[in-house]
Amino acid sequence: MYVIIDIDATGEGDKKEWLLNSLRFMNIGFRTSESRQTIEEYNHDLDAAEAPINRGEFITAEALKKEAQQW
């Protein structure tokens with residue numbers, strides 16, 4: 001999953017530095033320059049996203065509704 005942030009729209013330099021440091025601290029990968037994603041990167045991202053689903057690590061909407069009623 002990718003989140004696109006227009007870092008130039010964040011305003012002052014201190015805010016930009018805070019944002020970059022926060023992303024690094026949370027170990028969130030980011031790129032500072034624009035580049036197209038390769039087919040290999042795209043396919044890798046798809047495989048990584050599908051892996052938990054294939055392992056059964058998901059919850060159905062119906063199960064979530066039942067769980068939410070117990071909150």
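Model, not experiment: these values are computed from the prediction.
With hydrogens and angles ignored, the 3.5 Å screen pairs a side-chain donor or acceptor of Glu41 with a backbone N or O of Thr38.
One finds the CD atom of Glu17 at 10.0 Å from the OG atom of Ser22 (value rounded to the nearest 0.5 Å). For the atom pair CZ of Phe58 and CG of Leu64, the computed distance is 13.0 Å after rounding to the nearest 0.5 Å. Rounding to the nearest 0.5 angstrom, the gap separating the CD atom in Glu67 from the CD atom in Gln69 is 11.0 Å.
In this structure, Leu19 is a member of the same hydrophobic cluster as Met26, with clusters built from ILVMFWY side-chain heavy atoms closer than 4.5 Å. Side-chain heavy atoms closer than 4.5 Å link hydrophobic residues (I, L, V, M, F, W, Y) into clusters, and following such links, even through other members, never connects Ile59 to Ile53. Note: the hydrophobic cluster containing Leu46 does not contain Ile39 (ILVMFWY, side chain heavy atoms under 4.5 Å, direct or indirect links).
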